[in-house]
> 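Starting off with a structure, shown below.
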Amino acid sequence: RANWLKKLTQGLSRTGSSIAQVFTGTRIDDELYEELEAALLMADTGVKATEALLLDLKRRVKDAKATEPSQVKALLAEAVTALLKPLEGALVVGEHQPTVIMVVGVNGAGKTTSIGKLTRHLADADQKVLLAAADTFRAAAREQLAVWADRTQVEIISQESGDPSAVTFDAVSAGRARGCDVVIADTAGRLPTQLHLMEELRKIKRVIGKAQPDAPHEVLLVVDGNTGQNALTQVKAFDDALGLTGLIVTKLDGTAKGGVLAAIARERPLPVYFIGVGEKLEDLQMFRASEFAQALLS
Ligand code: GDP
């Protein structure tokens with residue numbers, strides 16, 4: 001994890017450098033706050049979260065009777081941590097047999113990679129996992145998931161063509177019959193129109209409920225953190241259509257837009273189960289608000 005933290009800090013340095021720059025002066029004045037506002041907006045923190053952060057920061061500065069910009073920086077880290085804290089959450093498995101996790105997100109967000117990494121985490125924790133390749137539109141997506149299944153030695157239900165909800169139904173039924181602990185369904189990220197996509201995903205969700213009455217237990221959205229405010233737009237759209245239970249935010253390595261987590265915290269605070277800082281297995285880790293705030297400002 002120490003190695004990973006280093007990666008996170010390096011990854012967010014493009015976001016953080018302009019924020020850190022604000023505190024290199026000698027005075028705490030309006031100019032400092034104006035520069036900070038601009039830097040936060042540049043980092044894709046969004047208008048609402050930026051306003052909330054500045055308000056909280058000014059209160060903290062007053063309470064602490066801070067006199068040095070470096071103290072303000074430390075107080076900003078506290079304010080960011082407080083804002084992000086509600087996003088901390090742990091993915092719970094083991095309460096259902098099987099726990100059914102539906103994973104959604106636009107193509108290229110890192111959905112299949114994240115499923116692979118999550119599968120490894122679960123398999124390492126002795127959970128019996130079954131994968132459902134419900135992205136029947138892209139052969140490449142199925143193949144990629146099959147590679148992960150092979151690598152992690154878990155079973156996979158896949159069909160060359162046909163109805164994605166039928167594949168998912170079969171997979172959940174098989175998961176129940178085979179005594180699996182977790183079933184993870186990969187879904188398509190692009191259909192002819194956005195409307196079609198949401199309809200298709202809603203159908204998959206309904207069908208999962210038919211195969212197992214209280215499922216899906218998790219509907220996770222994978223978003224590319226490097227898309228900044230666009231990630232927030234996706235969170236809102238998928239949540240409105242499906243009712244999300246959590247997020248995985250990828251590609252926080254080398255992004256200038258890491259502030260988007262603050263925007264998500266302010267506008268649609270869903271638990272962030274994992275964040276990704278690279279393509280390797282160990283690059284997906286649990287989200288911790290204070291770690292993230294420290295990385296963001298260093
Ligand atoms: P999908 O279309 O959503 O299933 O996306 P993929 O899982 O195929 O990922 C798209 C690309 O993003 C691949 O090249 C992945 O290796 C890469 N990727 C996934 N997560 C991360 C991450 O956290 N950081 C970086 N740099 N690349 C990632």
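Note that the numbering runs from 1 along the sequence shown for the chain. Just so you know, these numbers come straight off a predicted model, no measurement behind them.
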> Looking only at the aromatic ring of each residue, does the gap between the centers of Phe287 and Phe292 stay below 6.0 angstrom?
yes

> Is a side-chain donor or acceptor of His217 paired with a backbone partner of Thr99 at a separation under 3.5 angstrom?
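It does not hold such a pair.
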
> Would a distance-only check, ignoring hydrogens and angles, find a side-chain to backbone donor-acceptor pair under 3.5 Å from Ser165 to Ile204?
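Between the backbone of Ile204 and the side chain of Ser165 there is no qualifying donor-acceptor contact (under 3.5 Å).
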
> Donor-acceptor check, side chain of Arg266 to backbone of Leu261, threshold 3.5 angstrom: yes or no?
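Checked: no pair found.
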
> side-chain contact (heavy atoms from CB on, under 4.5 Å), that's the test. Do Leu130 and Arg178 meet it? Break it down for me.
CA-CA 9 Å; Leu130 185 142; Arg178 296 176 197 175; 3.8 Å; yes

> Do Val172 and Val207 have side chains that approach each other closer than 4.5 Å (heavy atoms only, starting at C-beta)?
no

> Near Met42 CE, under 6.0 Å, is it more than 12 heavy atoms from other residues, nucleotides or ligands?
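Open.
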
> State whether the side chain of Arg190 and the backbone N or O of Asn107 hold a donor-acceptor pair below 3.5 Å, judged by distance alone.
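Pair absent, no side-chain N/O of Arg190 close to backbone of Asn107.
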
> Would you check if the side chain of Glu88 reaches a backbone N or O of Ala289 as a donor-acceptor pair within less than 3.5 Å?
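Yes.
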
> Same cluster or not: are Val219 and Val129 linked, directly or through other Ile, Leu, Val, Met, Phe, Trp or Tyr residues, by side-chain heavy atoms under 4.5 angstrom apart?
no

> Starting from Ile115, can I reach Leu197 by hopping between I/L/V/M/F/W/Y residues whose side chains sit under 4.5 Å apart?
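Looking at the clustering, Ile115 is in a separate group from Leu197.
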
> Salt-bridge test for Asp240 and Arg268: reply yes if a basic N is under 4.0 Å from a carboxylate O, no otherwise.
yes

> With a 3.5 Å distance limit and no angle check, can you tell me whether Gln285 reaches the backbone of Glu282 through a side-chain donor-acceptor pair?
yes

> Strictly below 4.0 Å, N to O, side chains only: are Lys7 and Asp253 in salt-bridge contact?
no

> Rounded at 0.5 Å granularity, tell me how far SG in Cys180 sits from CG in Leu122.
12.0 Å

> Do any N or O atoms from the side chain of Thr250 and from the backbone of Gly110 form a donor-acceptor pair under 3.5 angstrom?
no

> Which atoms form the tightest heavy-atom contact between Val222 and Ser114, and what is the distance?
CG1-OG, 4.0 Å

> Would you check if the side chain of Gln212 reaches a backbone N or O of Pro98 as a donor-acceptor pair within less than 3.5 Å?
yes

> Check for a donor-acceptor pair, side chain of Thr9 on one end and backbone N or O of Ala295 on the other, with a separation under 3.5 Å.
no

> Would a hydrophobic clustering, with Ile, Leu, Val, Met, Phe, Trp and Tyr connected at side-chain separations under 4.5 Å, put Leu270 with Leu252?
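Yes: a chain of side-chain contacts under 4.5 Å links Leu270 to Leu252.
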
> Starting from the C-alpha separation in whole Å, work towards a yes-or-no answer on side chain to side chain donor-acceptor pair (under 3.5 Å) for Glu37 and Thr50.
CA-CA 7 Å; Glu37 182 177 16; Thr50 298; over 6 Å; no

> Decide, yes or no, whether a salt bridge links Arg59 with Asp63 under the criterion of side-chain N to carboxylate O below 4.0 Å.
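The answer is yes: the pair qualifies as a salt bridge.
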
> Which value, rounded to the nearest 0.5 Å, describes the distance between Met286 atom CE and Phe274 atom CZ?
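If we round to the nearest 0.5 Å, Met286:CE and Phe274:CZ are 6.5 Å apart.
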
> Does atom CD (Glu31) have a neighbourhood of more than 12 heavy atoms from anything else shown, all under 6.0 Å?
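Atom CD in Glu31 is not crowded, with 12 or fewer foreign heavy atoms closer than 6.0 Å.
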
> Would you call Asp283 and Lys280 a salt bridge, taking side-chain N to carboxylate O under 4.0 Å as the test?
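No, no charged N to carboxylate O under 4.0 Å.
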
> Ring of Phe169, cation from Lys210 - is the NZ or CZ under 6.0 Å from the centre and inside 45° of the axis?
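No - Lys210 does not lie over the ring of Phe169 by the 6.0 Å and 45° rule.
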
> With rounding to the nearest 0.5 angstrom, report the CZ to CG distance, Arg151 to Leu281.
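Spacing of CZ (Arg151) from CG (Leu281) equals 8.0 Å.
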
> More than 12 heavy atoms of other residues, nucleotides or ligands under 6.0 Å from NZ of Lys236: yes or no?
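Above 12, so yes.
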
> Between Glu199 and Arg202 (salt bridge meaning N to carboxylate O under 4.0 Å), is one present in this structure?
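Result for this pair is yes, salt bridge flagged.
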
> Which atom names give the shortest non-hydrogen contact between Thr81 and Ala293, and what distance separates them?
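Closest approach of Thr81 to Ala293: OG1-CB, 3.3 Å.
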
> Could you pull out the closest heavy-atom pair between Phe137 and Ala188, with the gap in Å?
CD1-CB, 3.7 Å

> Just how far is it from atom CG of Leu131 to atom CD1 of Ile156, taken to the nearest 0.5 Å?
5.5 Å

> In Å, rounded to the nearest 0.5 Å, how long is the span from CH2 of Trp148 to CZ of Arg120?
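It comes to 7.5 Å.
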
> Is it the case that atom CG in Asp214 sees more than 12 heavy atoms from other parts of the structure closer than 6.0 Å?
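Yes, enclosed.
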
> For the pair Asp181 and Lys128, find out whether any cationic side-chain nitrogen is under 4.0 Å from an anionic carboxylate oxygen.
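Here Asp181 does not pair with Lys128 in a salt bridge, since their nearest N and O are not under 4.0 Å apart.
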
> Check whether any side-chain heavy atom of Thr136 sits under 4.5 Å from a side-chain heavy atom of Asp163, and report yes or no.
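No; the side chains remain at least 4.5 Å from each other.
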
> Does a salt bridge link Lys111 with Asp186, judged by any charged N lying under 4.0 Å from a carboxylate O?
yes

> Using modelled atom types only, decide if a donor and an acceptor are shared between the side chain of Thr233 and the backbone of Gln229 within a distance under 3.5 Å.
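It does hold such a pair.
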
> Calculate, to the nearest 0.5 Å, the distance between atoms CG and CG belonging to Asp135 and Leu145 respectively.
9.5 Å

> Got more than 12 heavy atoms from elsewhere within 6.0 Å of CD, Glu267?
yes

> Verify the cluster assignment for Leu118 and Ile157: are they in a single hydrophobic cluster under the rule of side-chain heavy atoms below 4.5 Å apart?
no

